[in-house]
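Just so it is clear, the values below take in all heavy atoms, side chains as well, and ignore hydrogens, waters and symmetry mates.
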Amino acid sequence: MNHRERVEQYEEYMVAQGVARNNAVPKLWRWMWSIGIECPPPPFISFIVLGLISGTCLAIIPPMLWLYSILRHPARHHLSAVEVLWFMAGCFAVGSLAGPFYYRHIARKYGLVCWSSFRGKRQDS
């Protein structure tokens, strides 16, 4: 079974369990798969790696909003760069814990253990 078939099985399994498709497979994973990166879905990724991915993604949002607000309304008072950096650090901390905890919960709840042995059904070990 190739990667694409296994991903489709995973999506079908999670939707059948009542998990929203976008929660089971976030847009970042869909994008990575569309460009050819064959990584497992979030519940099958280690806590640390998933923490780095989700924390980094969440930390990128504040500077983008900050730059948008500066370009959109240059005359208004804006946050300083130091304040934005502190906010980014906070977002990274929250994201690096919230994402992995959520997907570990999903993995335990639906019996997802190992991506290489996933066959579209519960895998309790």
What about [X] and [Y], same hydrophobic cluster or not, with Ile/Leu/Val/Met/Phe/Trp/Tyr joined at side-chain heavy-atom distances under 4.5 Å?
{"X": "Ile60", "Y": "Leu65", "result": "no"}
{"X": "Val84", "Y": "Val94", "result": "no"}
{"X": "Trp31", "Y": "Tyr10", "result": "yes"}
{"X": "Phe44", "Y": "Val25", "result": "yes"}

More than 12 non-hydrogen atoms from neighbouring residues, nucleotides or ligands closer than 6.0 Å to [atom1] on [X], yes or no?
{"X": "Ile37", "atom1": "CD1", "value": "yes"}
{"X": "Arg119", "atom1": "CZ", "value": "yes"}
{"X": "Tyr102", "atom1": "OH", "value": "yes"}

Write out all pairs satisfying side chain to side chain donor-acceptor pair (under 3.5 Å) with one or both partners inside residues 53-67, taking only residues at least two apart or from two chains. none
Could you list all the salt bridge (Lys or Arg N to Asp or Glu O under 4.0 Å) pairs where at least one residue sits in residues 13-22, not counting sequence neighbours? Glu11-Arg21
When every non-hydrogen atom of Cys39 is compared with those of Met32, the smallest separation belongs to SG-CE, 3.5 Å
How close do Arg104 and Ile45 get, counting heavy atoms only, and between which atoms?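 Here Arg104 and Ile45 meet closest at NH2-O, 3.6 Å.
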Is a side-chain N or O of Trp115 found less than 3.5 angstrom from the main chain of Pro43, in a donor-acceptor match?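 Side chain of Trp115 to backbone of Pro43: no pair is present.
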Taking Tyr13 for the side chain and Tyr110 for the main chain, is one N or O donor matched with an acceptor at less than 3.5 Å?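 Indeed, once roles are kept as given, a pair shorter than 3.5 Å links the two residues.
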[X] side, atom [atom1]; [Y] side, atom [atom2] - distance, nearest 0.5 Å:
{"X": "Leu85", "Y": "Phe92", "atom1": "CG", "atom2": "CZ", "answer": "14.0 Å"}
{"X": "Met14", "Y": "Asn23", "atom1": "CE", "atom2": "CG", "answer": "9.0 Å"}
{"X": "Cys57", "Y": "Leu28", "atom1": "SG", "atom2": "CG", "answer": "5.0 Å"}
{"X": "Ser96", "Y": "Leu50", "atom1": "OG", "atom2": "CG", "answer": "10.0 Å"}
{"X": "Asn2", "Y": "Glu8", "atom1": "CG", "atom2": "CD", "answer": "8.0 Å"}

Aromatic ring proximity, centroids under 6.0 angstrom, Phe47 and Tyr103: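 No, ring centres 6.0 Å or more apart.
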Supply the members, apart from Leu71, of the Ile/Leu/Val/Met/Phe/Trp/Tyr cluster built from side-chain contacts under 4.5 Å; use none for a lone residue. none
Let's go through Phe118 and Val7 carefully: what are the C-alpha distance in whole Å and the side-chain angles of both, what is the deciding distance for side-chain contact (heavy atoms from CB on, under 4.5 Å) to 0.1 Å, and is it a yes or a no? CA-CA 10 Å; Phe118 180 74; Val7 166; over 6 Å; no
